[in-house]
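On a predicted model such as this, the values are computed, not experimentally measured, just so you know. Worth knowing before you read on, the calculation uses all heavy atoms, side chains too, and leaves out hydrogens, waters and symmetry mates.
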Amino acid sequence: MSDAETQLHEFDRRMVWAGFRQLVPLSVFVTIFGAAFGLAAVQVGLDNSLIMAMSTLVFAGASQFAALELWGSQVPVFTLAITVFAINARHLLMGATLYPWLRHLPPRRRYGVMLLASDANWAMSLQAFARGQPGIGILLGGGLALWVFWVLGTWLGVHFGGAIRDPRSLGLDMVMSCFLLAMVVGGEKNLRLLMIWIIAACTSLLAYRYLPENSHVVVGALAGGLAGAFWMEKTDEH
């Protein structure tokens, strides 16, 4: 890795603030889904403080909705934990793709940044790296924006959520998917990334066909993450 590339991991308050502002427009839609979660959690019977604590500490929309579906005295905590892990296993792949830059950070900063990693700020930080620009500021600042608006949306849903009962009826469930598709199409294109995505997709499809329900998320993320880690180790040796 060249000296220029090793500097891409650096970030400061200005870069974090720029990343925050860059993700604010998308975060508006995150607020809507946060409100939908807050309303759904109230309808399940969760206490308001517990709902807010979940969004603040977990910060994972899909797994939080899944937890609501399983919520009840008959569902063990272990089952909830496995479900959350399965849905968020894609973060293994995110970590592998960001490793060339994260590895230069001290462990405390490295894992602190990754606490706020989600689909949108991860995709935009990779695009910045592909352009030869620092991307950790986008990862951290954008993650802060998404987290703040998710918590705000949850609060709105808890108190005023009756107005947003079904975001899907407005087509809002497609916003994040279209955004990520645009990031992938416009992002860096090389053999390494192509092979990582092919391996992740193929193993996920096989798992979806032959393994228990939802296991394809874990299998695809693990396969892609391992492929990315192995390829990086091989290329770093040269």
Got a sec, which residues hit side chain to side chain contact (heavy atoms under 4.5 Å, CB included) with [X], two or more places apart in sequence or on another chain?
X	result
Gln64	Phe37, Met54, Ser55, Val58, Trp150
Trp155	Met52, His159, Phe160
Asp47	Ser49, Leu50

* **Sidechain-backbone polar pair: Trp147 side chain, Phe59 backbone, donor-acceptor under 3.5 Å** =>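 Checked: no pair found.
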* **Evaluation steps, side-chain contact (heavy atoms from CB on, under 4.5 Å), between Asp12 and Met15** => CA-CA 5 Å; Asp12 54 26; Met15 294 178 181; 3.3 Å; yes
* To do: Report the hydrophobic cluster partners of Val28, with the cluster defined as I, L, V, M, F, W, Y residues connected by side-chain heavy atoms closer than 4.5 angstrom, directly or transitively.
  =>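 Other cluster members: none.
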Rounded distance (nearest 0.5 Å) linking atom [atom1] of [X] with atom [atom2] of [Y]:
X	Y	atom1	atom2	answer
Arg21	Ser27	CZ	OG	13.5 Å
His104	Arg110	NE2	CZ	10.0 Å
Leu26	Asp119	CG	CG	10.0 Å

* Given the rule in the side-chain contact (heavy atoms from CB on, under 4.5 Å) test, do Met94 and Leu126 qualify, once you have shown the distances and angles that lead to the verdict? -> CA-CA 10 Å; Met94 292 181 189; Leu126 280 185; over 6 Å; no
* **Test log, rule side-chain contact (heavy atoms from CB on, under 4.5 Å), inputs Thr154 and Ile51** => CA-CA 8 Å; Thr154 301; Ile51 297 170; 3.6 Å; yes
Pairs of donor and acceptor atoms involving the side chains of residues 128-140, under 3.5 Å and at least two apart or interchain, shall be tabulated with distances.
unit_1: Arg131; atom_1: NE; unit_2: Gln133; atom_2: OE1; d: 3.3
unit_1: Arg131; atom_1: NH2; unit_2: Gln133; atom_2: OE1; d: 3.3

* Set of ring-ring contact (aromatic ring centres under 6.0 Å, His included) partners for Phe20, sequence neighbours left out ->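 If we apply the ring-ring contact (aromatic ring centres under 6.0 Å, His included) test to Phe20, skipping adjacent residues, the hits are Trp17.
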* Structure fact -> Closest non-hydrogen atoms of Leu146 and Ser118, given as atom of the first, atom of the second and distance, are CD1-OG, 3.1 Å
* Asked: With hydrophobic residues grouped by side-chain heavy-atom distances under 4.5 Å, do Leu116 and Trp101 end up in a single group?
  -> yes
* Single-linkage hydrophobic cluster, 4.5 Å side-chain cutoff, Val44 and Val158 together ->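 Linked within one cluster.
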* side-chain contact (heavy atoms from CB on, under 4.5 Å) between Phe11 and Leu105, worked out -> CA-CA 10 Å; Phe11 65 99; Leu105 299 176; 4.1 Å; yes
* **Side chain to side chain, Gln127 and Trp122, heavy atoms closer than 4.5 Å** => no
